[in-house]
Amino acid sequence: MNLEAAVAPGFVEKAPLERYVDPDRPSLVGRSRAELAAALGEIGVPPAQRKMRVQQLWHWLYVRGATTFDTMTSVSKELRAALENRFTVARPEVVAEQVSVDGTRKWLLRLPGENQRPHEVECVYIPETGRGTLCVSSQVGCTLNCTFCHTGTQRLVRNLTAGEIVGQIMVARDRLGDWPGQCPPDGTIVPTDGGRLVTNIVMMGMGEPLYNFEAVRDALLVVADNEGIAISKRKITVSTSGVVPNIKRTGDEIGVMLAVSLHAVRDGLRDELVPLNRKYPIEMLLDACRNYPGLTNAKRITFEYVMLKGINDSLADAKALVRLLAGIPAKINLIPFNPWPGTRYECSDWETIEKFSEVVFDAGYSAPVRTPRGRDILAACGQLKSATEKLSARERMALRAMAMTE
Ligand code: SAH
Ligand code: SF4
């Protein structure tokens, strides 16, 4: 396939770094009700009025997707002006948008950085029949260095704020025309029948969400609020490489679905693939899973398992995997490895993946193999790495070659 053709629609030219200036006023996007009340207090709204004003703001921000205070017509003119003076409703700035031939969309977003240099993260939309999943980032880069993951090779790391996490969902809905009364741009693949385009959220973009627990929690509680963006907690999944102390908190304090990046059935190998395993080994991780609050057969944990040729893909591994998970309400997600320039791994052969999935299937698990999506725009799992680090000409060629062979 032709990469240029695949990314042409809606492609936004990259702005040079020199043009970046930190925002002069803070954005209200992503704030909780209590934080909105505090913001109103700052501009002198008397306590007795705050609750009603918060309700109004909440509605305009999260139900209507207002991008200016001006459009908030139920709010008095004076208050709109006072808000405008002190705050914005800005989302993270879109630096580039790429549209894959399969309908996957990837946005490169610019966030305030240091010394007038912005940070960048990526956010990916994947339409499928009946649902549209948004893959959201929790950090710029990642402090963990899983050896098969491209994001882990990025040096620059910072936690995103709750506003920046909610902001990714707002940007996606803006760009998809997914607010009431809007139409998606021409050529958008609309996965639902007249319903919303973003129906599911997965915290599977850049970063380890459980190393940015508070911001992820606060953001997801805003996203799940049923008077606002209203994406049900059953349709939100947090994926972790195994930050054991925060697994129980995820169930207790957020109450969303959990995915665990397992990838190996023996500690020796997992120590190498997911170095965090040295701190929280497999048995400790599975114990936390067994005790995940709210775990039932109807609300299972998804175990992710990336298929690496000759590394973790033998039939013995498959059998050990089902033995290991016995007794835990689980789903197993086999992910074909997505290669990236410079990686030492290869994806398992298709035949091997099929045989592996048969063992898993025979043990009573549905074993869907997650087909890589958006590979032509480098949007598939583990390939999210912002353009902060420039690709060499050789790497770019390798990427093009990959896109062609898909
Ligand atoms: N840090 C979290 C969430 C982000 S990674 C975590 O590790 O779970 C999202 C998923 O993509 C994880 O299961 C991760 O192991 C997987 N992944 C990373 N790199 C990959 C690659 N190159 N190919 C396929 N899957 C990959
Ligand atoms: Fe970080 Fe997840 Fe990548 Fe590991 S797989 S480096 S935890 S983003």
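Counting convention: from 1, in listed order, for ligands and their atoms alike.
- Under a 4.0 Å criterion applied to the non-hydrogen atoms of Cys149, ligand 1 contributes the atoms 18 (C), 19 (N).
- Among Ser241, Ser261, Cys135, Ser239, the residue whose heavy atom sits closest to atom 3 (C) of ligand 1 is Ser239.
- Between Tyr345 and Phe337, the angle of the ring planes goes over 60°, which puts this pair in the perpendicular group of the 30/60° scheme.
- Look at Cys142 and atom 1 (Fe) of ligand 2: an N/O/S atom of the residue is under 2.8 Å from the metal.
- Under the 4.0 Å criterion applied to side-chain N and carboxylate O atoms, Glu227 and Arg33 are assigned as salt-bridge partners.
- Nearest residue to atom 5 (S) of ligand 2 from Ser137, Gly152, Cys149 is Cys149 (criterion: closest heavy atom).
- Remark: ligand 1 and Gly205 share no N or O pair separated by less than 3.5 Å (distance only, no angle test).
- Put simply, no part of Tyr345 is less than 4.0 Å from ligand 1, judged by heavy atoms.
- Short contacts between ligand 1 and Trp340, defined as distances under 4.0 Å to a heavy atom of the residue, involve ligand atoms 22 (N).
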| Worked verdict on Thr147 versus Glu272 for side chain to side chain donor-acceptor pair (under 3.5 Å) | CA-CA 7 Å; Thr147 45; Glu272 194 185 308; 5.7 Å; no

| task | Output, in order, the C-alpha distance, side-chain angles, deciding distance and verdict of salt bridge (charged side-chain N to carboxylate O under 4.0 Å, His left out) for Arg131 and Glu128. | result | CA-CA 5 Å; Arg131 66 172 179 193; Glu128 291 169 288; 3.2 Å; yes

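- In this structure, the side chains of Phe87 and Arg31 come closer than 4.5 Å at one or more pairs of heavy atoms.
- Taking 4.0 Å as the cut-off, Glu208 counts as a neighbour of ligand 1 on heavy-atom distance.
- For Asn338, a nitrogen or oxygen atom sits less than 3.5 Å from a nitrogen or oxygen atom of ligand 1, counting backbone and side chain alike.
- Heavy-atom separations between Met206 and ligand 1 are all 4.0 Å or longer.
- Residues Ser74 and Trp60 have side chains that bring a donor and an acceptor to within less than 3.5 angstrom of each other.
- Residue contacts with ligand 1 for Thr240 involve N, CA, C or O but no side-chain atom from C-beta outward (heavy atoms, distance under 4.0 Å).
- Between Ala264 and Leu273 the shortest heavy-atom distance is CB-CD1, 4.2 Å.
- Every atom of ligand 1 with a heavy atom of Glu304 under 4.0 Å away is listed here by number and element: 10 (C), 12 (C), 13 (O).
- Using a 4.0 Å cut-off between a side-chain N of Lys or Arg and a carboxylate O of Asp or Glu, Glu214 and Arg249 qualify as a salt bridge.
- Atom CD of Glu351 has 12 or fewer neighbouring heavy atoms from other residues, nucleotides or ligands inside a 6.0 Å radius.
- At a heavy-atom distance under 4.0 Å, atoms from both the backbone and the side chain of Cys146 approach ligand 2.
- A pairwise comparison of heavy atoms in Leu144 and Ser241 identifies CD1-OG, 3.4 Å as the closest pair.
- Distances below 4.0 Å separate heavy atoms of Ser241 from the following atoms of ligand 2: 7 (S).
- Here Phe148 has heavy atoms under 4.0 Å from ligand 1 in both its backbone and its side chain.
- Taking only nitrogen or oxygen atoms, main chain and side chain alike, Gly207 reaches within less than 3.5 Å of ligand 1.
- In the vicinity of Met204, heavy-atom distances shorter than 4.0 Å reach the ligand 1 atoms 4 (C), 9 (C).
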